[in-house]
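In what follows, every chain begins at residue 1, and chains take the letters A, B, ... in the order their sequences are listed.
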2 protein chains.
Amino acid sequence: MRITYKGDYAMKALLDLSIHYELGVSTINDIAKRIDAPVKFLEQVLLDLKKGGFVESRRGNVGGYQLAKDPAKITLGQVVRYIEGPIEPISCVEKNYAKCIDLGCCLFREIWQKVADATSGIIDNISFSDLANKYNAKKEVFAYSI
Amino acid sequence: MRITYKGDYAMKALLDLSIHYELGVSTINDIAKRIDAPVKFLEQVLLDLKKGGFVESRRGNVGGYQLAKDPAKITLGQVVRYIEGPIEPISCVEKNYAKCIDLGCCLFREIWQKVADATSGIIDNISFSDLANKYNAKKEVFAYSI
DNA sequence: CCTTTGTCTACTAAGTCTATTAACATAGTA
DNA sequence: TACTATGTTAATAGACTTAGTAGACAAAGG
């Protein structure tokens, strides 16, 4: 697995919308400013997230984006898989071979499967409400430290 | 982390040389046939592995490649890091920030660090002698099943 | 010498990543 | 209705990476 800028922006945008959940829609411009992303690129990312059912949008003068569901029901794993594709580090792992012809390939495959499982164990157990809570906690600590 | 074909060939070549350890050198052509890799591409990979100190070579009529050290002293992690670069899935993790300005970034960074640690825990504890042993064990089972 | 091998440099075709541009659709407001 | 602010969509471009390919060169042995 690797995280591209697209994925990075997608996760930050969803965290931003999680923090602003129930405060109505946010415009692309506002989100872009808050997470420091190029506006036109963020457009594509948000559109993609909309297709994936993570966010919903409203056009027009008071338009914008908001989460399509409760942030507690969106996991980091769902987003990463949707934006970046399978988390397995090698293509061989992705295919569910009944039997592996190449013994060497089969050997490594087991290892990458373990790596993928370990990764899943982490990112599938983190929701965006967890992240929003952590963010707010950090913000408080940060505010006190000034 | 992701594994490219280059990394895939590198690992398979090292496994192949581990299996043939103490049997003298193998030519690029032989290795390529055994692991099913393009000869000229494997050339570059082996040259790279030589620069990394994993293999050594002999030119000429009886030339070829062999492991530069005991397969028990080569871990999968070493090879992956050398060929593919840092295993952290995002650039932010790679830099050792004293303090993170962007709270959101910092939040995700912790997660990718966890993922990287979990991955390291797996691949840093597998040596090529482990792999060679597993390979031979599998080969026996495979032979019996025919 | 000749053959067989590794060494090295350069090149390429294809794909991915990170945007940018511009035309268009929609919803609210004056 | 006209205007403006917003989201929608398709196309494109430059930089970079990937996965090879080609060919000249160097060394070792017979």
Side-chain angles (χ1 to χ4, degrees), chain A residues 1-13 17 24-68 80 82-86 89-92, chain B residues 1-13 16-17 20 24-68 80 82-86 89-92:
Chain A
M1 182 186 57
R2 64 189 274 237
I3 307 297
T4 63
Y5 269 90
K6 186 179 177 184
D8 191 46
Y9 292 144
M11 290 182 286
K12 286 181 180 170
L17 291 178
V25 297
S26 299
T27 66
I28 298 178
N29 272 286
D30 287 347
I31 302 171
K33 271 182 203 160
R34 292 194 296 246
I35 70 172
D36 191 32
V39 180
K40 298 300 276 182
F41 190 39
L42 187 60
E43 260 185 38
Q44 295 173 37
V45 176
L46 286 169
L47 219 48
D48 217 349
L49 287 175
K50 187 185 173 186
K51 280 180 196 159
F54 297 102
V55 298
E56 54 195 18
S57 63
R58 266 176 53 192
R59 288 183 166 189
N61 213 5
V62 291
Y65 279 92
Q66 64 187 12
L67 288 188
V80 170
Y82 180 73
I83 298 289
E84 307 285 7
I90 201 166
S91 57
C92 177
Chain B
M1 182 185 57
R2 65 190 273 235
I3 307 298
T4 62
Y5 270 88
K6 185 179 177 184
D8 191 46
Y9 292 143
M11 291 182 285
K12 286 180 180 170
D16 186 71
L17 290 178
H20 296 87
V25 298
S26 299
T27 67
I28 298 178
N29 271 285
D30 286 349
I31 301 172
K33 271 182 204 160
R34 292 195 296 248
I35 70 173
D36 191 31
V39 179
K40 296 297 279 182
F41 192 39
L42 187 60
E43 255 186 44
Q44 295 173 34
V45 176
L46 285 170
L47 221 47
D48 216 349
L49 286 174
K50 187 185 174 186
K51 279 181 196 158
F54 297 102
V55 299
E56 55 195 19
S57 63
R58 266 176 54 194
R59 286 183 168 188
N61 214 3
V62 291
Y65 278 94
Q66 63 187 13
L67 288 189
V80 170
Y82 180 74
I83 298 289
E84 307 285 8
I90 200 166
S91 57
C92 179

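For the side-chain contact (heavy atoms from CB on, under 4.5 Å) with L67(B), the qualifying choice from L49(B), V55(B), V25(B) is V55(B), the only one to do so.
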Polar pairs (N or O, both sides) under 3.5 Å between protein and nucleotides 17-19 of chain D?
from    : atom 1 : to    : atom 2 : distance (Å)
dA19(D) : OP1    : Y5(B) : N      : 3.3
dA19(D) : OP2    : Y5(B) : N      : 3.3

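Of all the heavy atoms in A68(B) and G53(B), the pair that sits closest is CB-O, 3.5 Å. Minimum interatomic distance between S57(B) and K50(B) (heavy atoms only, all atoms of both residues): OG-NZ, 3.0 Å. The shortest heavy-atom contact between M1(B) and P89(A) is O-CB, 3.8 Å. Between V39(A) and A32(A) the shortest heavy-atom distance is CG2-CB, 3.9 Å. Smallest separation of non-hydrogen atoms from Q66(A) and G24(A): OE1-C, 3.7 Å. Nearest heavy atoms, A13(A) versus L46(A): CB-CD2, 4.3 Å.
Within the 4.5 Å cutoff, the side chain of D30(B) has no heavy atoms near those of the H20(B) side chain.
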message = Counting primed atoms plus P, OP1 and OP2 as sugar-phosphate and everything else as base, spell out the protein contacts along nucleotides 1-15 of chain D at 4.0 Å heavy-atom distance: B, S or - for each nucleotide, 5' to 3'.
response = ----BBSBB------

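Nucleotides of DNA chain C that come within less than 4.0 Å of any heavy atom of chain B span, from the 5' end to the 3' end, dT4(C) to dA10(C).
A donor-acceptor pair under 3.5 Å is formed between the side chain of Y82(B) and the backbone N or O of G52(B).
A salt bridge does not link K12(B) with D16(B): none of the charged nitrogens is closer than 4.0 Å to a carboxylate oxygen.
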